[in-house]
Undergrad: 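Following this message is one structure expressed as C-alpha cells.
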Amino acid sequence: MSLKVYNTLTGKKDEFTPLEPGKVGMYVCGPTVYDTSHIGHARSVVIFDVVFRWLKASGYDVSYVRNFTDVDDKIIKRANETGTDPIALSEKYIDEFHNEMDALNVLRPTIEPKATEHIQDIIDFIGQLIEKGKAYHVEGSDVFFSIASFDGYGKLSHRNPDDMIAGARIAVDDNKRNPMDFTLWKPAKPGEPAWESPWGPGRPGWHIECSAMSNRYLGQSFDIHGGGKDLIFPHHENEIAQSEALFGKQFVKYWIHNGFVDINNEKMSKSLGNFTMIKDVLVKYHPEVIRLFLLSKHYRSPIDYNENSMDEVIASLDKIYSFMARAKKAGVPMKTPGEVVEYSEEDEVMGTDGEDWEAFKAGMDDDFNSARGMATIFDTVKKGNKILDRNPEALHYLEKDRLEVICSDLQKMGNILGILSQNPEAYFKAKKEAGLADGNIDPSEIDKLVQERMDARKSKDFARADEIRAQLDEMNILLEDGPAGTTWKFS
RNA sequence: GGCGGCUUGGCCAAGUGGUAAGGCGACGGCCUGCAAAGCCGUUAUUCUCCGGUUCAAAUCCGGAAGCCGCCUCCA
C-alpha cells in the first residue's frame, strides 16, 4: 500500500510520488513571531510533525523546512507598542516557540530559516521578477507582483481573479495596476527596520519570503508545502505566482492544509477573548495528552478544544500507559524512551512487524489518518490486555512473544504520533506528583491511610476499609487492590 | 455577492458504492469482601431531510434545512 495525500491543488487524494525517488522536500509555513503561540499553531505544527515522522518512517530522506517570519508589520507594530526592538521581540518569541514545541515533543525540522537572514535571496528574487516583467516598482511606493502576468493565478484557491476583485473588501491602492497585485517590497518608514535594495531602503512583503526561502533550500520545485487552511489564499496562491512566474515550472506538487482549532465551538478570536495559548494548555495537560487530542480528528477537519474532550483524551492515554505498565510488570521487554523505535524494512523482512502495525500503516498511508491510527492503538491495547488477563502471573513463552510484538507495534505507533515516549512508571509518577502538588497533599498521609486500610482488610474490618476508601475518594484518590498490594492514583 | 467545507448512536469520532471502526459514557456479566482496573456482552435495521441513479448508497447526482470557514492579518 502506498501513501495517498489529499492535495488542495487537485482537490482530491493523490498517489504520493516524490519528484526524486526516495527523497522528499517539504516546506511548512512557520509562525510570524510577534506574539505567544496558541493551540491552533500547535495543531499545525504537530500535524506536520506527524507527516514528517511518517515520511521518514516510510523510508524517505526528508528535507523539512519550516520558516520564521521575523520581519513583518505586526512585529513592528508590537515592538513599537511595547517599546522593544523588533529583532529582540522576534527573538523572544522564537525562543518561546522552540521551548513550547520541544515540550510538545515536536521534532525540529531539518532547517528553520528566518526571513531576516535571507534578505539578499529575497532581493535577488524580486529583481529577477522585475526583469522578467512579472513585477514592477512604483516610484516612492512598493514593488508589486503583477498578477496579470501570471496565467495560473487562482488555481490553488480555485477562484478567478475577476471574482476576487468584485468581492474585494480591501481598499484598492491606486499605485497598483491591478487591485489584486500584491507587495513584494515595501519602503520603510523612519525608525522601521530596513534593508538597502535597488528600490530603496525597505523590507520584504510576507509572501516573497517563503518563495525565496523555499527556493534556497528545496529548489525550484519540491514535493510538499503545508500550512493552515487560511493560508491557501492569498499567501500560498501568491507563493505559486511568484515562484512559477520566475522559474516557469510547477512550484509544489502536493499542497497540504490543516483545519482550525475551535474553542468551545467558537472560533478563536480577539473579540471573543478566547485565545488559548500553548503555554497555558501545557500547564493544564500532559504534553502527550495535547498531542493525542490534536491528532484525534482528521487533520483537515476543524477540531473543538473543550474540557470534556480533553478529559476523554486523558482517559485514553492513561489506558494505554496502564497497559504498558502491566506488560512491563509481566516481564515483557519494553523499549526505554531513549531507544527510538523506528520502522525499518528489516522488521518487515524479519516478520517482527505485527498485524496492528500493518493496520496503523494503512491508516497513515491514507492521507495521514491519525484518528484511524488511534483506533488501531486501542485495538492493540485490548489484545494485549486480553493476554495479560488470561494469564497474568506466568505467561507462556508464546504469549510472551505475542505480547512482545504487540508492545513493539504499540511503541512504533506511539513514535509516529509522538506519544508513549515515557516509561509508564515515569508517566504515572509525574501524574501523581502533579496531583499531590495540585491538592497540596502529603503523600505519606495517603500511604498511612492505605496501610491502615490494608490492615483493616486483613482483619476483615471492611467497614473501616471502605471508610478509608471513601475518605481518599474525597481527595480524588482512587484505590486499586491488586495481587501485589494496593496502589492509588488520582481520578 | 463569490468560493469551499461540514451534518454518523447520549457525547467525541473513523468510514467516498457492497451492507455502520474506535474512544468516552450507560447497562448486564466475569473478577473482587465490596470496589477499581482489565476482559466479555448490550447500547445506530441506520448515517440532517426530500427526490434520483444503481442489483447495491452514509458513500454518487439533484434539491431543501442547519452549522462553519475563506475572500482582510491569521495555523
Side-chain angles (χ1 to χ4, degrees), chain A residues 8 11-13 28-32 34-35 37-48 72-74 77 154 157-160 162-171 180 206 226-235 237 257-262 265-270 292-293 296-298 300-304 306 308-309 311-316 318-320 322-323 325-326 359 363 366 369-379 381-390 392 456-457 460-463 465-466 469-470 473 478-483 486-489 491:
Chain A
T8 307
K12 58 185 174 57
K13 279 186 203 170
V28 174
C29 290
T32 299
Y34 73 105
D35 204 350
S37 299
H38 53 67
I39 184 87
H41 294 109
R43 185 180 193 201
S44 182
V45 171
V46 166
I47 282 167
F48 287 103
D72 170 271
D73 290 354
K74 289 193 296 292
K77 184 165 172 258
S157 51
H158 304 110
R159 13 183 137 192
N160 71 67
D162 296 337
D163 287 349
M164 291 188 263
I165 293 161
R169 282 188 269 151
I170 38 170
M180 295 309 292
W206 175 37
K229 264 192 159 75
D230 54 323
L231 297 182
I232 296 171
F233 189 88
H235 187 53
E237 195 70 74
H257 293 100
N258 67 272
F260 274 28
V261 179
D262 290 339
N265 276 316
E266 281 174 327
K267 186 186 165 160
M268 259 194 275
S269 75
K270 290 221 162 71
L292 205 54
F293 162 70
S296 65
K297 219 178 146 175
H298 188 95
R300 276 186 277 122
S301 307
I303 191 168
D304 190 52
N306 59 67
N308 186 43
S309 293
D311 287 346
E312 283 186 11
V313 177
I314 292 170
S316 299
D318 280 1
K319 183 177 181 145
I320 303 167
S322 295
F323 163 69
R326 272 184 94 188
D366 184 15
N369 195 329
S370 54
R372 235 173 98 180
M374 275 173 64
T376 306
I377 286 179
F378 291 117
D379 286 343
V381 167
K382 184 170 274 190
K383 276 183 211 169
N385 269 322
K386 209 180 274 194
I387 294 171
L388 286 166
D389 258 19
R390 203 153 52 217
R457 286 178 68 213
K460 308 268 185 213
D461 183 2
F462 295 122
D466 290 348
R469 185 165 60 200
D473 185 56
L478 213 65
L479 297 180
E480 289 179 18
D481 298 327
T486 298
T487 60
W488 61 270
K489 65 176 189 182
S491 57

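In what follows, chains carry the letters A, B, and so on, assigned in the order in which the sequence lines appear, proteins first and then strands, with residues in each chain numbered from 1.
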Undergrad: Under 4.0 Å between a Lys/Arg side-chain N and an Asp/Glu carboxylate O for A:K74 and A:D35?
TA: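 Result for this pair is no, no salt bridge flagged.
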
Undergrad: Write down the distance between CG (A:D481) and C1' (B:G33), rounded to a whole number of angstrom.
TA: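 Going from A:D481 (CG) to B:G33 (C1'), I get 10 Å.
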
Undergrad: So what does A:L231 hit on the nucleic acid, given a heavy-atom distance under 4.0 Å: a base, only sugar-phosphate, or nothing?
TA: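 The answer is sugar-phosphate, as A:L231 gets under 4.0 Å only of primed atoms, P, OP1 or OP2.
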
Undergrad: Are A:D473 and A:L478 close enough, and set up right, to give a side-chain contact (heavy atoms from CB on, under 4.5 Å), and what steps lead you there?
TA: CA-CA 6 Å; A:D473 185 56; A:L478 213 65; 4.3 Å; yes

Undergrad: Are there runs of at least three consecutive Watson-Crick or G-U pairs touching RNA chain B, with each pair's two distances under 3.5 angstrom? Give them by first number.
TA: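 RNA chain B forms these stems: B:1-7 with B:65-71, B:10-12 with B:22-24, B:25-30 with B:38-43, B:48-52 with B:60-64.
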
Undergrad: P atom, B:G17 versus B:C6: distance in rounded Å?
TA: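 15 Å, rounded to whole Å.
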
Undergrad: Closest to the A:S44 side chain: B:A36, B:C39, B:A75?
TA: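 Closest nucleotide to the A:S44 side chain: B:A75.
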
Undergrad: To the nearest Å, how far apart are A:L388 CG and B:A37 C1'?
TA: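 Roughly 12 Å, once rounded to whole Å.
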
Undergrad: Name the closest nucleotide to the A:D466 side chain, picking from B:G33, B:G38, B:A75.
TA: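 Of the candidates, B:G33 comes closest.
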
Undergrad: Rounded to whole angstrom units, what separation is found between the CZ atom of A:R457 and the C1' atom of B:A36?
TA: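 Atom CZ in A:R457 sits about 11 Å away from atom C1' in B:A36.
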
Undergrad: Can A:R300 and A:K229 be said to form a side-chain contact (heavy atoms from CB on, under 4.5 Å), step by step?
TA: CA-CA 8 Å; A:R300 276 186 277 122; A:K229 264 192 159 75; 3.9 Å; yes

Undergrad: Measuring from A:F378:CZ to A:N385:CG, what's the distance to the nearest 0.5 Å?
TA: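 A:F378 atom CZ to A:N385 atom CG measures 12.0 Å (nearest 0.5 Å).
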
Undergrad: Sticking with atom C1', work out how far B:U59 lies from B:U48, rounded to a whole angstrom.
TA: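 Result for the C1' pair: 15 Å, nearest Å.
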
Undergrad: Give the minimum heavy-atom separation between A:I303 and A:S296, together with the two atoms involved.
TA: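 Heavy atoms of A:I303 and A:S296 come nearest at CD1-OG, 3.8 Å.
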
Undergrad: Give A:F260 one of three labels, base, sugar-phosphate or nothing, depending on what nucleic acid heavy atoms sit under 4.0 Å from its own.
TA: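 The residue A:F260 makes base contact.
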
Undergrad: Just the rounded figure in Å: distance from C1' of B:C71 to CG of A:N160.
TA: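 Distance, rounded to whole Å: 12 Å.
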
Undergrad: What are the two closest heavy atoms between A:K297 and A:R43, and how far apart are they?
TA: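 Looking at all heavy atoms of both residues, the shortest contact is O-NH2, 4.1 Å.
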
Undergrad: Quick check on B:C39: is either OP1 or OP2 less than 4.0 Å from any side-chain nitrogen or oxygen of A:N385?
TA: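 Affirmative; the distance criterion is met.
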
Undergrad: Nearest whole Å is fine: how far is B:C74 C1' from A:K267 NZ?
TA: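 My rounded result for the distance is 7 Å.
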
Undergrad: Please work out if A:G40 contacts a base, only the sugar-phosphate, or nothing of the nucleic acid, heavy-atom cut-off 4.0 Å.
TA: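 Counting heavy atoms under 4.0 Å across all strands, the contact made by A:G40 includes a base.
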
Undergrad: Could you state the OH-P distance from A:Y34 to B:C74, rounded to the nearest angstrom?
TA: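 Rounded to the whole Å, the gap is 8 Å.
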
Undergrad: Under 4.0 angstrom, heavy atoms only, what part of the nucleic acid is A:R159 near: base, sugar-phosphate, or nothing?
TA: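 A:R159: base contact, heavy atoms under 4.0 Å.
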
Undergrad: Can A:N308 and A:N306 be counted as having a side-chain donor-acceptor contact under 3.5 angstrom?
TA: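 No pair is found: no donor N or O on one side chain lies under 3.5 Å from an acceptor on the other.
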
Undergrad: Could you measure between the two P atoms, the one in B:U45 and the one in B:A20, and give it in whole Å?
TA: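 Here B:U45 and B:A20 have their P atoms 11 Å from each other.
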
Undergrad: Can you see which heavy atom on A:G228 is nearest to which on A:S44, and at what distance?
TA: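 Looks like N-OG, 4.3 Å.
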
Undergrad: With C1' as the reference atom in both, quote the distance from B:U53 to B:G10 in angstrom, rounded to an integer.
TA: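 Those two atoms are separated by 36 Å.
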
Undergrad: Where do A:D379 and A:K382 land on the side-chain contact (heavy atoms from CB on, under 4.5 Å) test, with the steps shown first?
TA: CA-CA 5 Å; A:D379 286 343; A:K382 184 170 274 190; 5.7 Å; no

Undergrad: Expressed in angstrom and rounded to an integer, what is the separation of A:L479 atom CG from B:A37 atom C1'?
TA: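 That distance rounds to 12 Å.
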
Undergrad: Atom CD1 in A:I377, atom CD1 in A:I320: separation rounded to 0.5 Å?
TA: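 Result: 5.5 Å between the selected atoms.
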
Undergrad: Could you give the distance from OG (A:S157) to NE2 (A:H235), rounded to the nearest 0.5 Å?
TA: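 Here the rounded value is 13.5 Å.
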
Undergrad: Across the strands shown, which category fits A:G11 at heavy-atom distances under 4.0 angstrom: base, sugar-phosphate, nothing?
TA: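 No contact.
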
Undergrad: Roughly how many Å is it from CG in A:D262 to P in B:C6, rounded to a whole number?
TA: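 So the CG-P distance, A:D262 to B:C6, works out to 15 Å.
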
Undergrad: Let me know, please, whether A:H158 or A:K74 comes out on the 5' side of the other along RNA chain B by nearest nucleotide.
TA: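 That would be A:H158.
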
Undergrad: With respect to the side chain of A:R469, which nucleotide from B:G38, B:A35, B:C74 is positioned closest?
TA: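 My answer, after comparing the listed nucleotides, is B:A35.
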
Undergrad: Give each protein N/O atom lying under 3.5 Å from an N/O atom of nucleotides 22-28 of chain B, with the pair distance.
TA:
{"residue": "B:G23", "atom": "O2'", "partner": "A:S316", "partner atom": "OG", "Å": "3.2"}
{"residue": "B:G23", "atom": "N2", "partner": "A:E312", "partner atom": "OE1", "Å": "3.1"}
{"residue": "B:G23", "atom": "N2", "partner": "A:E312", "partner atom": "OE2", "Å": "3.3"}
{"residue": "B:C24", "atom": "OP1", "partner": "A:K319", "partner atom": "NZ", "Å": "3.2"}

Undergrad: Measuring from atom CZ of A:R457 to atom CZ of A:F462, what distance do you get when rounded to the nearest 0.5 angstrom?
TA: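 Reported to 0.5 Å precision, the distance equals 7.0 Å.
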
Undergrad: For nucleotides B:U54 and B:U7, find the distance between their C1' atoms and express it as a whole number of Å.
TA: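 Between the two C1' atoms, the distance is 25 Å.
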
Undergrad: Between B:U43 and B:G23, how far apart are the two C1' atoms, rounded to whole Å?
TA: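 So the two C1' atoms sit 15 Å from each other.
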
Undergrad: If I take atom CD from residue A:E266 and atom CG from residue A:D304, how far apart are they, to the nearest 0.5 angstrom?
TA: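 A:E266 atom CD to A:D304 atom CG measures 9.5 Å (nearest 0.5 Å).
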
Undergrad: Using atom P of each nucleotide, how far apart are B:C24 and B:A13 to the nearest Å?
TA: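 About 15 Å, rounded to a whole number of Å.
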
Undergrad: Given the P atoms of B:U19 and B:A57, what is the spacing between them in whole Å?
TA: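 Nearest-Å result for B:U19 against B:A57 at atom P: 12 Å.
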
Undergrad: If you assign A:V381 and A:K229 each to the RNA chain B nucleotide with the nearest heavy atom, which residue ends up on the more 5' nucleotide?
TA: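 Comparing both residues, the 5'-ward one is A:V381.
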
Undergrad: With a non-hydrogen cut-off below 4.0 angstrom, is A:V313 in contact with a base, only sugar-phosphate, or nothing?
TA: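 Nothing, no nucleic acid heavy atom in range.
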
Undergrad: Please list each protein N or O that sits under 3.5 Å from an N or O in nucleotides 14-17 of chain B, with the distance.
TA:
{"residue": "B:A14", "atom": "OP1", "partner": "A:H298", "partner atom": "N", "Å": "2.6"}
{"residue": "B:A14", "atom": "O3'", "partner": "A:N369", "partner atom": "ND2", "Å": "3.0"}
{"residue": "B:G15", "atom": "OP1", "partner": "A:N369", "partner atom": "ND2", "Å": "2.7"}

Undergrad: Which is it for A:R326 and A:D389 under the side-chain contact (heavy atoms from CB on, under 4.5 Å) test, yes or no, and what are the steps along the way?
TA: CA-CA 10 Å; A:R326 272 184 94 188; A:D389 258 19; 2.8 Å; yes

